[in-house]
Structures are given as structure tokens and as C-alpha cells.
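See below for the structure under consideration.
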Amino acid sequence: MSLEQAPLPYPSAALEPHIDAATMDIHFGKHHVAYITNLTKALEGTKLSGDNVVKLITDLSKVPEASRMAVRNNGGGHVNHTWFWQWMAPAGSGATAPEGKLGEAIQSTFGSLDDFKKLFGEAGTKRFGSGWAWLIVKADGKLAVTSTPNQDNPLMKGVVPDTDLGTPILGLDVWEHAYYLKYQNKRPDYITAWWNVVNWDAVAKGYAAAKEA
């Protein structure tokens, strides 16, 4: 993942009525762009490259201390949002539930899809302030649900607890900018609606890749 914003894989209105077009336009066109702009500035004057932002944020100890927080916040913002757009798709355009090995893993880990959704939803609802809820594949290949504040993510060694490290295969943005225009302060309603646009095909691909890594 480089310092370039890939185009949305669908029109900004394609996730209606669950995610409104106005929110998508602002979220993608303003907030995500700002993370890229600020990350570019943070890397100026350093010897760090923006050619692989995922690698950059995975070990922030290699980032000069003067730039570290800016890289953490804005690099995390760029990476998290780039994934986020891919983890959504127009309702009805693909699988409506996890299938195959991913479906089996969710069922064996959490008991049922409904139990997983409840746990994941609680991770998003109970995240104080801004942040993300995540489904990750841990180093041992097992699934886990976790959450992070701000633009942190489960790849960030030394930032998140070791017990929460893993490869994200699904994430939900619970910053207010992701839902406030439509849902105001009703974050649980946003989370419930969001399940309608989860791109389970992309999640399954991420699961397979993480298991092979």
C-alpha cells in the first residue's frame, strides 16, 4: 500500500440506504485524503519511504520520534481506510454471510454468526471516543475480536497489547465522521446497518491470505 488513494470500488451512493452518499463523499474525499496529505508531510525530511505504508506502521520504533505520532495517526488512518472501503460492497452484490473455511472458523470460534456479530458489535459500541472494531487472525491462526483507539490497528507492534496483535481481515470505523450525518449519536444503529454492506468475499480472501502467511 503506497501513498496513493485508490478509487472507491463502487459509487459513493452504492451503499445506500445503510451508508449514505454524503457521508461517503466526505469520509473518502476529505478525511482519507487528509490522512494521506499529513502522512506525506510527516515523512518529509526523514529517510523513510511511503512505498509500503503497512510495513511502516507495523514497527513504529523505526520511525524517528519527532515524526512517530504523526506517522502512527495518519499512516494508520490511510491503511485502515484503504482496507475499510474494500471490506464493504453494495448490499446483495455478493455473499450475505461468511462461507467456506471462514464461515467454519467463525462458527467454531464464536459459536455462531450471530454470536460473532454481537461480540464484534460490542467491541465497536463500547470503544470510548473514536476508534475501530476488528476481526483478526492471530499468529496461531485463530480468529479474535478486538478494538483499538483512534487510527491504531492490530498490526502495530509495541502500540497495541501483544494479546491483540494480528492480521486484520475485517474492521469497522466507529469514528463519528463515519456515521454521524445519518445516525447522529446512535452508533449501535450504524453498526447494525453496516452488516448489510460487509463484503464477505473480501473478508474470506483476507482470511485465506492470513492463514497462508
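Numbers here are sequence positions counted from 1. Just so it is clear, the structure is predicted and the values come from calculations on it, not from any experiment. Keep in mind that the numbers below use all heavy atoms, side chains included, and drop hydrogens, waters and symmetry copies.
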When rounded to the nearest 0.5 angstrom, what is the spacing between CG in L143 and OG1 in T109?
4.5 Å

CG/D162: more than 12 non-hydrogen atoms of other groups inside 6.0 Å
no

Are P154 and L165 packed together at the side-chain level, in the sense that at least one heavy-atom pair is separated by less than 4.5 angstrom?
no

When the ring planes of W87 and W134 are compared, do they come out parallel, tilted or perpendicular, using 30° and 60° as the limits?
perpendicular

Is there a side-chain contact between I26 and H177 in this structure, where contact means two heavy atoms from C-beta onward sitting under 4.5 Å apart?
no

Closest approach of S67 to T46 (non-hydrogen atoms, all atoms of both residues):
OG-CG2, 3.8 Å

Interatomic distance, OH@Y207 vs CG@L102, rounded to 0.5 Å, equals 7.0 Å

Start with the C-alpha distance between S112 and D114, add both sets of side-chain angles, then the distance that settles side chain to side chain donor-acceptor pair (under 3.5 Å), and finish with yes or no.
CA-CA 5 Å; S112 69; D114 286 342; 5.3 Å; no

Just by modelled atom types, is the P17 backbone N or O under 3.5 Å from a matching donor or acceptor in the K182 side chain?
yes

When rounded to the nearest 0.5 angstrom, what distance separates CZ in R187 from CG in L172?
9.0 Å

Looking at side-chain heavy atoms only, is the closest gap between I36 and L3 below 4.5 Å?
yes

Can any side-chain N or O of E16 pair as donor or acceptor with the backbone N or O of A21 at less than 3.5 Å?
yes

So, the side chain of D164 versus the backbone of V160: is there a donor-acceptor pair under 3.5 Å, distance only?
no

Which word best sums up how the rings of Y35 and W175 line up, parallel for under 30°, tilted for 30 to 60°, or perpendicular for over 60°?
perpendicular

Counting C-beta onward and ignoring hydrogens, is there a side-chain heavy-atom pair between N199 and M88 closer than 4.5 Å?
no

Please confirm whether the backbone N or O of S61 pairs with a side-chain atom of D59, one donor and one acceptor, at under 3.5 Å?
yes

Do S147 and W132 come within less than 4.5 Å of each other through their side chains, counting heavy atoms only?
no

Just how far is it from atom CD1 of I106 to atom NZ of K101, taken to the nearest 0.5 Å?
15.0 Å

Which heavy atom of G75 sits nearest to which heavy atom of L39, and what is that distance?
CA-CD2, 3.7 Å

Under 4.5 Å between any side-chain heavy atoms of M24 and I19, yes or no?
yes

Over all heavy atoms of both residues, which pair between V71 and A42 is shortest? Give the atoms and the distance, please.
CG2-CB, 4.0 Å

When you measure from the side chain of S93 to the backbone of A89, do you find a donor-acceptor pair of N or O atoms at a distance under 3.5 Å?
no

Run the numbers on F116 and L135 for side-chain contact (heavy atoms from CB on, under 4.5 Å), then give the verdict.
CA-CA 9 Å; F116 160 66; L135 174 64; 3.7 Å; yes

Between L60 and M156, does a side-chain contact (heavy atoms from CB on, under 4.5 Å) hold up when you go through it step by step?
CA-CA 7 Å; L60 288 161; M156 293 181 173; 4.3 Å; yes

Surrounding CD of Q184 (heavy atoms of other residues, nucleotides or ligands, distance under 6.0 Å), is the total greater than 12?
yes

Minimum heavy-atom distance between A210 and I169, given as atom pair plus value
CB-CG2, 4.5 Å

I136 side chain reached by T167 side chain, heavy atoms, under 4.5 Å
no

Please answer whether the main-chain N or O of G76 pairs with a side-chain N or O of N80 as donor and acceptor at a distance below 3.5 Å.
yes

How far does CG of N196 sit from CG of L15, to the nearest 0.5 angstrom?
10.5 Å

Backbone N/O of I57 and side chain of R72: donor-acceptor pair under 3.5 Å:
no

Sequence neighbours left out, what passes salt bridge (Lys or Arg N to Asp or Glu O under 4.0 Å) with D20? Give chain and number order.
none

Would you mind telling me which of H27, H32, Q5, Q86 makes a side chain to side chain donor-acceptor pair (under 3.5 Å) with H81?
H27

Can you get from L8 to L181 by hopping between Ile, Leu, Val, Met, Phe, Trp and Tyr side chains that sit under 4.5 Å apart?
no

Any side-chain heavy-atom pair from P98 and V203 closer than 4.5 angstrom?
no

What is the minimum heavy-atom distance between K138 and T163, and which atoms define it?
NZ-O, 2.8 Å

Parallel, tilted or perpendicular, judged at 30° and 60°: which one describes the rings of W194 and F84?
parallel

Under a 3.5 Å distance rule, please check whether Y10 uses its side chain to pair with a backbone N or O of W85 as donor and acceptor.
yes

Run the numbers on E99 and W200 for side-chain contact (heavy atoms from CB on, under 4.5 Å), then give the verdict.
CA-CA 8 Å; E99 301 173 343; W200 288 112; over 6 Å; no

Where the side chain of D152 meets the backbone of T148, is there a donor-acceptor pair that is under 3.5 Å apart?
no

Taking all atoms of both residues into account, what is the closest heavy-atom pair of A193 and Y183, and its distance?
CB-OH, 3.1 Å

Run the numbers on N74 and H78 for side-chain contact (heavy atoms from CB on, under 4.5 Å), then give the verdict.
CA-CA 6 Å; N74 295 289; H78 174 40; over 6 Å; no

If two hydrophobic side chains count as joined below 4.5 Å and joins carry through other members, does L170 share a cluster with L113?
yes

Nearest 0.5 Å please: distance from the CD1 atom of I191 over to the CD atom of E122.
10.0 Å

Side-chain donor/acceptor of R127 to backbone N/O of V174, under 3.5 Å
no

